[in-house]
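Data block below; observations after.
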Amino acid sequence: MDPATKLRFDSPLLRVYEDGRVERFFGTETTPPGFDATTGVTSKDVVIDGTTGVFARLYIPDLPSADSQVKKLPILVYFHGGGLVLDSASSPTYHRYLNSLVSKAGVLAVSVNYRLAPEHPIPAAYEDSWTALSWAASRDDPWLSEHGDAGRIFLAGDSGGANIVHNIAIMAAGTRGGLPPGTLLEGAIVMHPMFGGKEPVDGEAMYTREFMEKLWPLICPESTDGLDDPRLNPMARGAPSLQQLACRKLLVCSTDLDQARPRAAAYYEAVRASGWRGTVVWMESNGEEHVFFLNKPECDKSLKLMDRVVAFLAGN
């Protein structure tokens, strides 16, 4: 069969052909940065790695002139979702969400456009995300240097981006070159995370695990542990201890109709039981599905989740 027509992977998300061609069905639409009249937030794109082309979309809230020279804002490093194979920091969905979050929380946001699998398999997404965090912490941009507080950095992400949040929080505690002096990971927000594992957890649907058995080898062909790769299963034997999470507090969010909820709940309980010295909080929405807050931003439950995220970023 012609490699141009023979399928290597086929799903409602994307198709991958034997010749390497990738056909994505979602998450390819983009929108430019700029001033958002609804929220007063301004954004711009900055290339942070000229070799890979990885960039970040920066967001800054409307600052009163009296505060513009003195007020330092928390820095939120955000990793978009999409199963590590879809979407981008330029997505209209994420652009709208970050505009709203930055306006309500009064933070500087760095939305990371990491490289996607399968063209760039794992560890590319983690490498790019670490580069972005290091870049943000160095405040190597006028917005960050003038208004950002490297002593109050937060990580946040949804779905595949939430998986990145966990892995970056573990990497930050390791021997990986270190972050600039004075950098502090104040907190991490894990929303509707993409995790997996060979052994089912309570409430996990067989379909969910079977789909991940097909998707993970596409994302990480180098993995020898399958679904128990510690990057996918933080509770797997041999995974880094959850005590190593390099942040002071953690917010784990899910919803009762999300097929990924059982893994999110197991992760939350594992962190609680690990002896980690930080504070971990669980928030569950009801009657909604995976990443509903992105698709229905004005519904009551999305607004409630937004309020909780804003409160977390404010220290509550």
Side-chain angles (χ1 to χ4, degrees), residues 4-33 43 45 53-57 78-101 109 111-122 124-126 128-129 156-165 190-196 205 207-221 232 253-255 257-261 263-264 285 288-299 301-302 305-306:
T5 59
K6 185 179 180 181
L7 286 172
R8 174 185 166 200
F9 179 87
D10 189 15
S11 81
L13 303 178
L14 76 165
R15 287 176 181 160
V16 182
Y17 295 86
E18 288 289 353
D19 66 355
R21 184 165 54 93
V22 178
E23 186 180 9
R24 291 181 169 86
F25 304 123
F26 304 98
T28 59
E29 187 180 357
T30 62
T31 193
S43 58
D45 290 343
V54 171
F55 72 87
R57 179 160 293 185
Y78 195 92
F79 308 103
H80 69 79
L84 305 177
V85 297
L86 300 173
D87 255 313
S88 72
S90 303
S91 155
T93 298
Y94 285 100
H95 187 67
R96 179 183 61 220
Y97 180 72
L98 268 298
N99 275 325
S100 179
L101 178 56
S111 182
V112 184
N113 198 68
Y114 56 86
R115 289 171 293 170
L116 300 176
E119 298 94 331
H120 304 283
I122 292 299
Y126 302 136
D128 296 345
S129 298
D158 64 279
S159 192
N163 174 285
I164 293 176
V165 169
V190 173
M191 297 187 287
H192 305 191
M194 185 186 85
F195 292 136
Y207 164 81
T208 304
R209 201 164 67 260
E210 290 176 346
F211 179 72
M212 193 57 67
E213 286 174 348
K214 298 177 181 178
L215 182 63
W216 184 248
L218 184 75
I219 295 170
C220 189
L232 181 65
C253 306
S254 191
T255 181
L257 300 184
D258 185 1
Q259 293 181 338
R261 182 202 176 279
R263 289 279 167 187
S285 306
E288 299 293 349
E289 298 184 344
H290 191 64
V291 299
F292 71 94
F293 58 93
L294 296 174
N295 303 317
K296 301 189 293 183
E298 298 303 322
C299 78
K301 291 164 188 175
S302 293
L305 177 57
M306 174 68 79

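In this text the structure is predicted, and so the values were computed from the model without any measurement.
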Separation between CG (D45) and CG (N113), nearest 0.5 Å, reads 8.0 Å
Report, as yes or no, whether the 6.0 Å neighbourhood of atom CD on E289 holds more than 12 heavy atoms from other residues, nucleotides or ligands. no
C220 and P121, any side-chain heavy atoms less than 4.5 Å apart: no
If we check side chain to side chain contact (heavy atoms under 4.5 Å, CB included) with R24, which of these qualifies: L13, L116, V16? L116
Step by step, work out the side-chain contact (heavy atoms from CB on, under 4.5 Å) result for S90 and F55. CA-CA 10 Å; S90 303; F55 72 87; 3.4 Å; yes
Do F293 and Y97 make the cut of ring centroids closer than 6.0 angstrom? yes
Y126 versus N163, side-chain donor and acceptor atoms under 3.5 Å: yes
Contact summary for V190 and A162, nearest pair of heavy atoms: CG1-CB, 3.7 Å
Which atom names give the shortest non-hydrogen contact between L86 and H80, and what distance separates them? O-CE1, 3.4 Å
List the steps and the verdict of side-chain contact (heavy atoms from CB on, under 4.5 Å) for L7 and R15. CA-CA 7 Å; L7 286 172; R15 287 176 181 160; 3.9 Å; yes
Within the distance-only criterion (no hydrogens, no angle test), does the side chain of D87 pair as donor or acceptor with the backbone N or O of G82 below 3.5 angstrom? no
For S91 and T93, indicate whether the former's side chain and the latter's backbone hold a donor-acceptor pair under 3.5 Å. yes
Interatomic distance, R21 atom CZ to E119 atom CD [nearest 0.5 angstrom]: 12.0 Å
Taken in chain and number order and not counting sequence neighbours, the residues that satisfy ring-ring contact (aromatic ring centres under 6.0 Å, His included) with H290 are H192
Can you tell me if S302 uses its side chain to pair, donor with acceptor, with the backbone of E298 under 3.5 Å? no
Please answer whether the main-chain N or O of A56 pairs with a side-chain N or O of S111 as donor and acceptor at a distance below 3.5 Å. no
Are R96 and P297 packed together at the side-chain level, in the sense that at least one heavy-atom pair is separated by less than 4.5 angstrom? yes
Modelled atom types, side-chain donor and acceptor of Y78 and D158, under 3.5 Å: yes
Rounded to the nearest 0.5 Å, what's the gap from OG on S43 to CG on L98? Could you check? 9.0 Å
Could you give the distance from CG (L84) to NE2 (H120), rounded to the nearest 0.5 Å? 13.5 Å
Check for a donor-acceptor pair, side chain of D258 on one end and backbone N or O of S254 on the other, with a separation under 3.5 Å. no
F9 and K214, any side-chain heavy atoms less than 4.5 Å apart: yes
How long is the span from the OG atom in S100 to the CE atom in M306, to the nearest 0.5 Å? 3.5 Å
Test item: V165 and P193 side chains (from C-beta on) under 4.5 Å apart, heavy atoms: no
How close do R115 and A124 get, counting heavy atoms only, and between which atoms? NH2-CB, 3.9 Å
Return yes if some donor-acceptor pair links the side-chain N/O of T31 with the main-chain N/O of P92 below 3.5 Å, else return no. no
Treating R57 as the side-chain partner and Y94 as the backbone partner, does any N or O pair qualify as donor plus acceptor under 3.5 Å? no
Minimum-distance pair of heavy atoms, taken over all atoms of F26 and P12: CE1-O, 3.0 Å
Run F292 and K301 through side-chain contact (heavy atoms from CB on, under 4.5 Å) and show every step you take. CA-CA 9 Å; F292 71 94; K301 291 164 188 175; 3.9 Å; yes
If I take atom CG from residue D128 and atom OH from residue Y114, how far apart are they, to the nearest 0.5 angstrom? 10.0 Å
Please name the pair of heavy atoms, one in I219 and one in G83, separated by the smallest distance, quoted to 0.1 Å. CD1-O, 3.3 Å
For a quick test of reading the model, state the closest non-hydrogen atom pair linking A125 to S129 and the distance between them. O-OG, 2.7 Å
Hey, is CD on E213 packed in by over 12 heavy atoms from elsewhere, all under 6.0 Å? yes
Do side-chain atoms of R263 reach the backbone of F195 as a donor and acceptor pair under 3.5 angstrom? no
For the pair T30 and S88, evaluate side-chain contact (heavy atoms from CB on, under 4.5 Å) and give the outcome as yes or no after the intermediate values. CA-CA 8 Å; T30 62; S88 72; 4.2 Å; yes
When you measure from the side chain of Y207 to the backbone N and O of Q259, does any donor-acceptor pair fall under 3.5 Å? no
